[in-house]
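Comments concern the structure below.
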2 protein chains.
Amino acid sequence: MSTRTGRPPKISRREIVTAALRVIEEDGTGALTMRRLAREVGSTAMALYHHVRDKEELLLLLLDDYAAAIPRPALPDEPRERMVAAAMAMHDAVSGCPWAVDILKADDLMSVGALWYPEQIVDAAVHAGLTIEEAVDVYRIIWHYTAGEIGGRAAARRRREEGGPTYRERVFAELDAEEFPRLSTVARRWEDLTARDTYAKGVRAIVNGLLP
Amino acid sequence: MSTRTGRPPKISRREIVTAALRVIEEDGTGALTMRRLAREVGSTAMALYHHVRDKEELLLLLLDDYAAAIPRPALPDEPRERMVAAAMAMHDAVSGCPWAVDILKADDLMSVGALWYPEQIVDAAVHAGLTIEEAVDVYRIIWHYTAGEIGGRAAARRRREEGGPTYRERVFAELDAEEFPRLSTVARRWEDLTARDTYAKGVRAIVNGLLP
DNA sequence: GCTACTTTCTATACGTGTATAAAAACTCAT
DNA sequence: ATGAGTTTTTATACACGTATAGAAAGTAGC
């Protein structure tokens, strides 16, 4: 029958994931360590590794849970606008989970709970007249841009919190105006210029540049 | 006078950086640890921290060195093509240093040795008729896309080397064709579809979408 | 009941980045 | 010369992710 053999498990994947979400909510992503998580579920660190391949997979599962729970926005009918809206919703969703930054290396798309976004983007691209292969390209390009933008923003925020002179600030301070005429004119305003949110602008550019 | 006070240094920043480059070249980026690097320069791990803020800054210095040494390609005159060519050169340069992946979180641009690329892109954008602010936006959007693309590619390669079923493969294997009609039609071809290099396509799209 | 087998859990250990404290080696004022 | 001040180096320690080995706790066949 379905009676499983072997020592019966004390903890489960679900238990681990929910405990991880609780830890993050209470004490932030920095507090989510394997040992802390083990303590939280009343077990040892290494026991977790029988339910999760490694910490990265755990974070992926968290993103999965999180993304699946987010309400999906109504998207416009017009393909171009639909792609932009889906991309921005995806951006918001991933931005909303701080631990996502550590997973953004993931090559293409994300977990099953988040597949809705690529599906919408690919579908809209096909409706816009692209082949399915081209549509996948569009999605991947948008995803790479999204991942880079979120990663960059997270890094910028982290630097700001830490305080102290950034490497860039030191570089910009002694910038050679002859070698870098353009950059030196904006060097002092760089902080303000790069604080603005240009994600929407970028997505619109990609969509417009990719659809004829 | 210029006689400095305090205990005279045994090691220098330059020495550290060149030793780090040597280690990477000989044994790969995985071998570059602070302890190994210390052994290489005949010192202790913690002594390095008086010349380098942390490992991330060290990697930034490596990128700096590396980028500064790369020959700069001749760029076309026409602004659009110049932006694309500069972006692709930047992409090649960063792709060429494996350790760059760990720094790609860096918010905007890179080290002083690599400033040539943003300078060219911003300059070309201004020549194309954009304001300096818009030109900076263009550069940042291109950079975010570039960082995301390289990060994604590196992750994909890493997964491939490790072998074993990817998380995505497991997800795609049991994909609901009704909920995800588009994705399920390409699920089996996904590996091949995403293996293609679409960076140039993406940059062209961004440039065309951003210049009127 | 006993032995094999399987799965899960525990204990221990390694190498990592780096915080902290103190020692060491120099210059300068006295 | 001596003591104060400054900079660099060393020693020690911590928490992290996780590899490895083996113990524990169950089922199945005899």
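Just so it is clear, the structure is predicted and the values come from calculations on it, not from any experiment.
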Item to check | Test item: B:Q120 side-chain N/O and B:R82 main-chain N/O as donor-acceptor pair under 3.5 Å | outcome: no
Next on the checklist: Please check: side-chain N/O of A:E133 versus main-chain N/O of B:L193, any donor-acceptor pairing under 3.5 Å?
Outcome noted: no
Checklist entry - Taking NZ, NE, NH1 and NH2 as the nitrogens, is one of them in A:D27 or A:R36 under 4.0 Å from a carboxylate oxygen of the other? => result yes
Item to check | Nearest-angstrom distance from the residue atom NZ of B:K55 to P of C:dG17 | outcome: 4 Å
Checklist entry - Between A:Y199 and A:Y145, how do the two ring planes meet: parallel, tilted or perpendicular, split at 30° and 60°? => result parallel
Checklist entry - Should A:E134 and B:K201 count as an ion pair when the cut-off is N to O under 4.0 Å? => result no
Item to check | Atom-to-atom span, CD of B:E57 to C1' of C:dG17 - whole angstrom | outcome: 15 Å
Checklist entry - What's the CD1-C1' distance between B:I16 and D:dT8, to the nearest Å? => result 12 Å
Next on the checklist: Counting primed atoms plus P, OP1 and OP2 as sugar-phosphate and everything else as base, spell out the protein contacts along nucleotides 4-11 of chain C at 4.0 Å heavy-atom distance: B, S or - for each nucleotide, 5' to 3'.
Outcome noted: --BBBBBB
Checklist entry - Donor-acceptor pair, B:E40 side chain versus B:A20 backbone, under 3.5 Å? => result no
Next on the checklist: Nearest whole Å is fine: how far is C:dG17 P from B:D102 CG?
Outcome noted: 11 Å
Item to check | Distance, rounded to the nearest Å, where A:L37 contributes CG and D:dA15 contributes C1' | outcome: 15 Å
Checklist entry - With a 4.0 Å cut-off on heavy atoms, is B:L32 in touch with a base, just the backbone sugar-phosphate, or nothing at all? => result sugar-phosphate
Item to check | Rounded distance in Å - CZ (A:R39) to P (D:dG17) | outcome: 12 Å
Next on the checklist: Whole angstroms only, please: what is the CZ-P distance between B:R35 and C:dA19?
Outcome noted: 13 Å
Checklist entry - Whole-Å distance between C:dT18 C1' and B:L58 CG? => result 14 Å
